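Written below as structure tokens is the structure these notes are about.
Just so it is clear, the values below take in all heavy atoms, side chains as well, and ignore hydrogens, waters and symmetry mates. Only a predicted model underlies this, so the values are computations on that prediction, with no experimental measurement involved.
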Amino acid sequence: MVVSSVADSATLPRNVDLLVVGGGINGAGIAADAAGRGLSVLLCEKSDLGGATSSASTKLIHGGLRYLEYYEFRLVRESLAERETLLSSAPHIVWPLRFRLPHQPNQRPAWMIRAGLFLYDYLGKRVTLPASKAIRFGDNSPLVAGFSKGFEYSDCWVDDARLVVLNAMQARRHGAVIRTRTACNSLSAITDAGGQSAWQATLTETGTGVRHQVSARCVVNAAGPWVSQLGKKLLPEASTEPVRLVKGSHIVVPRVYDGDEAYMLQHSDGRVIFVIPYENEFSLIGTTEQDFSDDPAEAKISPEEVTYLLDIVNQYFRKGLSEKDVKHHFSGVRPLIDEEVENASKVSRDYTLELDMAPAPLLTVYGGKITTYRRLAEAVLHKLSSVFPDMGDDWTANAQLPGGEFDSQKSLSAELSAEYPWLEPALRERWVRQYGRRVSEILAGAEDMTALGACIGPGLYACEVDYLCAQEWARSVDDILWRRTKLGLWFDDAARANLEVYLQAHATQGS
């Protein structure tokens, strides 16, 4: 069941400067950047914001240590610099994470790892993150006997789905209209009132079938794994870049070890697997990489992928895992630039932007990774400078995303504890990590726990659901439990049913 949302209630404009098709991280980032430059922007997404690839990542802001093996120095340098930018702009959903790399003598030699970590430390701008170092694993290590040496380095964690939503909110803050559950069905070239080439787009609400006509001076195809499919649908006669779809799957299990560090494990096939602390009680393990040819919306983990991930963890850690330990899993399809290499893990995570000016301006985004979304968005607007010569300058590098107007999670938590001493600590900590400064909007006028409304399920109160529907485009159970929060890890069927009933009963509030 899907309810309507106050956040979706803005009337669709009839004319815009820029129509962005696709509500993943690239589309949301482009919409935010463009709106902040003074352009009129409409973003349409056929399902939920971050509903596919952008909520199925390994949830890291990282340079990509292994990309150095493929000499992708520009991509790594750009990614490393973005770590510090995102730490500053979104301290509620991005935070430092220390990684441990156990050394396997029969895998990459120690000198190669040392050289890679040296480059990793100095290729990008590192301000707050500590440098890498060699380490030893003692008797209290969670690793199996035989691992005595290793390395440690820094990267960052990110709540990927919330990063998408915050960028959409940033776009809306600057006047953009964000419309979810709305597909772009067709484009036709027109001449606008000023005599310039433009597009007439047909948009269809996926729930109701209602159609809208919108004219746009330029269209951006940021449809992620559907980029080529959408391009052929909208403009059958146009050529598109070859895209290689690669499925990545993750599993979530009870904590494999104590401690706040993540582990990077080398596999005998040359790939690396991450084991990351996840939502306090769990470990996130991933990712696999398999070529994929079906509908990206139907991507699911295979039994072989589960076995692959469990096997490598069991090779490294004392705590043995089996299929019954898998509490959750998810899969996403990455749209990579097809380089005709046999191994999917060696395909570049870089991006390509293709601008066609005839019959009207159309920019297509191929590839990309979540870490570099902001730089990609800047590159898109730079490429469109001839289309919009009067737009504003770059601005996102020093801008804070909604809720990020504070110094640290610890200081904000202390501030909220003093202001709302009755708020349950576990709830306060989760809200700080998800909403940052905007927790005050959820708590507006509340004086005790009863003011939060009905407890719908473990840790979820009515006031939070109302906020998510009104401000963050949440409309379904999965929107709330897996993308806006990760409470699905604790919800059973009865709690899910409670949430479904609540959404249905309050659907008219968003109409």
Side-chain angles (χ1 to χ4, degrees), residues 23-29 31-32 48-51 53-62 79 82-98 128-129 154-173 250 252 260 262 274 276-280 282 284 330 332 369-374 377 396-413 415-416 426-442 459 464 467-468 471-474 479-489:
I25 187 57
N26 289 335
D48 182 33
L49 294 170
T53 306
S54 294
S55 58
S57 76
T58 313
K59 310 190 189 308
L60 299 178
I61 298 296
H62 67 137
S79 301
E82 284 302 285
R83 296 181 308 184
E84 297 287 350
T85 299
L86 292 173
L87 276 171
S88 176
S89 67
H92 42 331
I93 63 165
V94 179
W95 57 84
L97 187 60
R98 200 71 172 157
T128 61
L129 297 174
S154 295
D155 267 321
C156 296
W157 159 269
V158 64
D159 188 327
D160 51 5
R162 292 208 56 76
L163 185 65
V164 178
V165 171
L166 293 186
N167 273 273
M169 294 172 71
Q170 184 85 298
R172 183 180 61 195
R173 176 185 287 176
H250 299 76
V252 178
D260 297 328
F274 293 103
I276 303 168
Y278 190 61
E279 297 298 314
N280 297 322
F282 304 93
L284 173 65
F330 59 88
K369 59 198 292 272
I370 196 166
T371 301
T372 54
Y373 86 90
R374 192 197 63 82
T396 57
N398 299 310
Q400 290 174 309
L401 290 172
E405 305 86 357
F406 63 95
D407 293 328
S408 70
Q409 291 184 13
K410 183 177 180 180
S411 64
L412 179 59
S413 181
E415 180 183 330
L416 292 171
L427 184 60
R428 182 184 69 240
E429 295 303 316
R430 179 175 70 82
W431 281 0
V432 166
R433 287 187 290 110
Q434 290 178 187
Y435 307 112
R437 180 64 66 184
R438 291 179 70 90
V439 170
S440 298
E441 295 188 28
I442 302 175
E464 184 177 4
Y467 168 82
L468 292 173
Q471 299 298 326
E472 295 196 4
W473 299 276
D479 292 354
I480 292 171
L481 295 185
W482 293 116
R483 287 182 285 276
R484 305 309 185 278
T485 76
K486 299 297 181 288
L487 291 174
L489 291 167

Inset, instruction - Decide yes or no for K486 and D159: does some side-chain heavy atom of the first lie under 4.5 Å from some side-chain heavy atom of the second? - result: yes

Inset, instruction - State the CD1-CZ distance between I370 and R374, to the nearest 0.5 angstrom. - result: 14.5 Å

Legend entry - Side-chain (T53) to main-chain (G332) donor-acceptor, under 3.5 angstrom: no

Legend entry - Side-chain (S55) to main-chain (G50) donor-acceptor, under 3.5 angstrom: yes

Inset, instruction - Could you grab the distance from atom CD1 of I442 to atom CG of L468, nearest 0.5 Å is fine? - result: 6.5 Å

Inset, instruction - Can you sort out the partners of H250 under ring pair (Phe, Tyr, Trp, His ring centres under 6.0 Å), two or more places apart, ordered by chain and number? - result: F330

Inset, instruction - Hey, could you give me the CD/CZ distance between Q400 and R437, rounded to the nearest 0.5 Å? - result: 10.0 Å

Legend entry - Nearest-0.5 Å distance, CG of residue L412 to CH2 of residue W431: 13.0 Å

Legend entry - Flag side-chain contact, heavy atom, 4.5 Å: D160 against V164: no

Inset, instruction - With the side chain counted from C-beta on, respond yes when T371 and H62 share a heavy-atom pair under 4.5 Å apart, and no when they do not. - result: yes

Legend entry - Side-chain touch L86/S89, heavy atoms, less than 4.5 angstrom: yes

Inset, instruction - Using a strict cut-off of less than 4.0 Å between a Lys/Arg side-chain nitrogen and an Asp/Glu carboxylate oxygen, indicate whether E464 and R430 qualify as a salt bridge. - result: yes

Legend entry - Test: D155 and R83 ion pair at under 4.0 Å: yes

Legend entry - Minimum side-chain heavy-atom gap L87-L129 below 4.5 Å: yes

Inset, instruction - Would you check if I25 and L163 make a side-chain contact, meaning some heavy-atom pair closer than 4.5 Å? - result: yes

Inset, instruction - Please list, chain by chain and in numerical order, all residues satisfying side chain to side chain contact (heavy atoms under 4.5 Å, CB included) with H92, sequence neighbours excluded. - result: A90, L166, F406

Inset, instruction - Hey, could you give me the OG1/OH distance between T396 and Y373, rounded to the nearest 0.5 Å? - result: 7.0 Å

Inset, instruction - Could you pull out all residues at least two apart from R428 that satisfy salt bridge (Lys or Arg N to Asp or Glu O under 4.0 Å)? - result: none

Inset, instruction - Can you measure from CH2 (W157) to OG1 (T58) and round to the nearest 0.5 angstrom? - result: 9.5 Å

Legend entry - Side chain to side chain, R162 and R433, heavy atoms closer than 4.5 Å: no

Inset, instruction - For D48, check salt bridge (Lys or Arg N to Asp or Glu O under 4.0 Å) against everything at least two apart and list the hits. - result: R181, R483, R484

Inset, instruction - Sort out for me which residue in L60, V94, L97 forms a side chain to side chain contact (heavy atoms under 4.5 Å, CB included) with V158. - result: V94

Legend entry - Steps toward salt bridge (Lys or Arg N to Asp or Glu O under 4.0 Å) verdict (K369, E82): CA-CA 12 Å; K369 59 198 292 272; E82 284 302 285; over 6 Å; no

Inset, instruction - Go through the structure and list residues passing side chain to side chain contact (heavy atoms under 4.5 Å, CB included) with A168, not counting sequence neighbours. - result: L49, I178, W473

Legend entry - side chain to side chain contact (heavy atoms under 4.5 Å, CB included) partners for W482, two or more places apart: H328, D478, L489, R496

Inset, instruction - Search all heavy atoms of P96 against all heavy atoms of C156 and return the closest pair with its distance. - result: CA-SG, 4.2 Å

Inset, instruction - Taking all heavy atoms of G459 and all of L427, pick out the closest pair and write down the distance. - result: O-CD1, 3.6 Å

Inset, instruction - Check the side chains of E441 and Y435 for a donor-acceptor pair under 3.5 angstrom, ignoring hydrogens and angles. - result: no

Legend entry - Chi angles and distances behind the side chain to side chain contact (heavy atoms under 4.5 Å, CB included) call for L284, K59: CA-CA 9 Å; L284 173 65; K59 310 190 189 308; 4.3 Å; yes

